[in-house]
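Here is the structure we will look at.
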Amino acid sequence: MAENFYWRKKWDRVLEWNFREPKVEWFKGAKLNITENCIDRHLEELGEKPAIIWEPNNPEERTRVVTYSRLNKRVCQFAQVLINNGVKKGDRVCIYMGMVPELAYAVLGCARIGAIHSVIFGGFSAQSIADRLYDAQAEYIVTCDGAYRGGKDIPLKSIIDDALIGNRLVKKVIVYTRTRTPVSMLKGRDVWWEDEMDYALSQIERNNIVTLPAVEMDADDPLFILYTSGSTGKPKGVVHTCGGYMVWTGYTFVNVFQYKPGEVHFCTADIGWITGHSYIVYGPLSMGATSVMFEGIPTWPDAGRFWDIVNKYKVNILYTAPTAIRSLMSYGLDPLRDKDLSSLKVLGTVGEPINEEAWHWYDREVGKGSSPIVDTWWQTETGGVLISNLAGVTPAKPSWATLPMPGVQPVLVDERGEEVTEPDEEGMLKGNLCIKAPWPGIIRTTYGDHERCRKNYFATYENYYFTGDGALKDAQGNFRITGRVDDVLNVSGHRIGTAEVENAINMHTNVVESAVVGFPHQIKGQGIYAFVITEKNTHEDDRAKNDILETVARIIGPIAKPDKIQFVSGLPKTRSGKIMRRILRKIAEGETGNLGDTSTLLDPGIVDEIKNKAL
Ligand code: WT7
């Protein structure tokens, strides 16, 4: 598969690995730059073909079509801007922008010169940014004055300014103008994207070069860091490297979606998450595809927005999340009326298990029963898809991710790490999902703390990569992912650690302790349910709840706000002080009857109290 890419120098060895340390080296000895694969190699044939089609938040605003040759020009220009501002190979550049083409230029501009990008989703707070900046020891930031999302303007630069209070490391902040929101620009630190780009262009023109030479990278040099939540309070900086990540995203893009040259691919994710990295930017562009990038949200100005975009750009492949499908379902069929979706050939879903109802609606109302749906299971840590049917090639099975990609070796293990071999009454194997051997897109380390990577993913079960998910396997070898088995929630396809939310709640004045669990939510998949003990009795006080929500929004971001807060006088704990989440989860799920064995609890009475007042 790697032969399908452009390498400055090919590898000496394909793979060296052990999961003990862990050490995984793909394409050792190879030299490349991923942007030469995403841009340069397409210029001759596809120069005038669209690489990115950008759909603005406001449908009245002008569309932007970025051809491959334009993409080349802008990426090289921005790479020059980075150089002019002192950025060097290996430096960390934090990118906090809305979904504008300049975000793609920024990402690729970093890759062009070997700088490590760390994109942070626009829904994270100043505090979260500050923590990530510090963890990555980032010295450069690229941001926007603001971002449009539906009816809202998000003041990105102002949030960055808050994140930078007390930060002594960041040297430069490059600000792209999108919303014309007034921003403070600090002399010597903050510079305008537009001015910098103009100057870079004059330099490039003066030197009479069209293309800025790409920096040669080793296959296992880091390409980017992307932070993701785990079961501890602190997000981890997942590190992906140039060669393996490139091969895995390109290979999976073409095979899962059965992409054919000339097709238009629309992935509705935000580039702030791994899905956007892999299937808006790197995967499609490395294969010379046309990638639609959408600034807005599916329900603004109305719930027909996706269908308008599909029709407008004759989208062939639509890749979205179950939460978006369920949300659109709730608007009924009116928004779909008179929308021409006949260009669609393949549909995809990702982010959480898709319920059968949503699957069938997607199939019937969007695919008109004639577009295969690929249910793609993967993770930030896997770089690209690991388990999925291949569109029109292998059969779909509603709410099943089905078969591993060729080259992937999944295995189900029990608590002790033994491979599960005994099927249950229905003929299913059931266990915790692990992967036996590396694929090229596997996480290489957690930034700045390799031991953390080992502990998190490679220590639970010896010699396996542990995904944190539970799964079923049928007699034909199909996998059905049943959800996380650790303390990680999946809210609207976004990963949120319960410990992180608890930490944030506990920072609120008057809060003594809290426990956070998930509960089934119609649209979001999982909602956040917080049980909170306060110092003084504020029980019926809605203001106290709102204040806690505001605290969580400040500490993590609006995406982590609990849907329900219940004040309690105690939490169900074992004699050793451990919170029995199993019981809280049942209560949050609305279970009123049997809560299982509560005899080991310090104070079994508390369970009734909590249950009787459950929301
Ligand atoms: C977790 C990873 C992969 C990009 C988006 C999320 C869940 C993901 C599926 C699917 C069932 C899925 C898993 C996984 N998940 N795709 N098709 N079926 N569950 O990336 O934030 O790293 O979250 O999302 O629980 O572990 P992420």
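Counting convention: from 1, in listed order, for ligands and their atoms alike. This structure is a prediction, so every number in the text was calculated from the model and none was measured.
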Practice task
Using only heavy-atom distances, determine whether the side chains of Asp469 and Trp377 contain a donor-acceptor pair under 3.5 Å.
Solution key: yes
Exercise for the section: Report yes or no: do Asn506 and Ser514 form a side-chain donor-acceptor pair below 3.5 Å? Expected result: yes
Exercise for the section: Using the ring of Phe124 (Phe, Tyr or Trp, six-membered ring only), decide whether Arg132 places NZ or CZ under 6.0 Å from its centre and within 45 degrees of its axis. Expected result: yes
Exercise for the section: Quick one: sort the Tyr457 and Tyr465 rings into parallel, tilted or perpendicular, breaks at 30° and 60°. Expected result: parallel
Completion exercise
Under 4.0 Å between heavy atoms, the region of Glu352 that gets near ligand 1 turns out to be backbone
Handout entry: Short N or O distance, Thr275 and ligand 1, threshold 3.5 Å exclusive
Key = no
Exercise for the section: Work out whether the distance between some heavy atom of Pro353 and some atom of ligand 1 is less than 4.0 Å. Expected result: yes
Exercise for the section: Tell me yes or no: between the side chains of Asn432 and Tyr461, is some donor less than 3.5 Å from an acceptor? Expected result: yes
Exercise for the section: Looking only at distances, please establish whether an N/O atom of ligand 1 is found under 3.5 Å from an N/O atom of Asp375. Expected result: yes
Problem - Polar proximity ligand 1 side, Thr376 side, N/O cut 3.5 Å exclusive - result: yes
Handout entry: Short side-chain donor-acceptor distance under 3.5 Å, Thr445 and Arg454
Key = no
Completion exercise
Heavy-atom proximity to atom 20 (O) of ligand 1 ranks first, among Leu489, Ile354, Thr380, for Thr380
Practice task
Before signing off on this row, confirm whether Asp469 and ligand 1 have an N or O atom pair separated by under 3.5 Å.
Solution key: yes
Practice task
Report the part of Thr382 (side chain from C-beta onward, or backbone N, CA, C, O) that has a heavy atom under 4.0 Å from ligand 1; answer both or neither where that applies.
Solution key: neither
Problem - Proximal candidate to atom 24 (O) of ligand 1 [heavy atom criterion; set Gly384, Gly351, Ser388] - result: Gly351
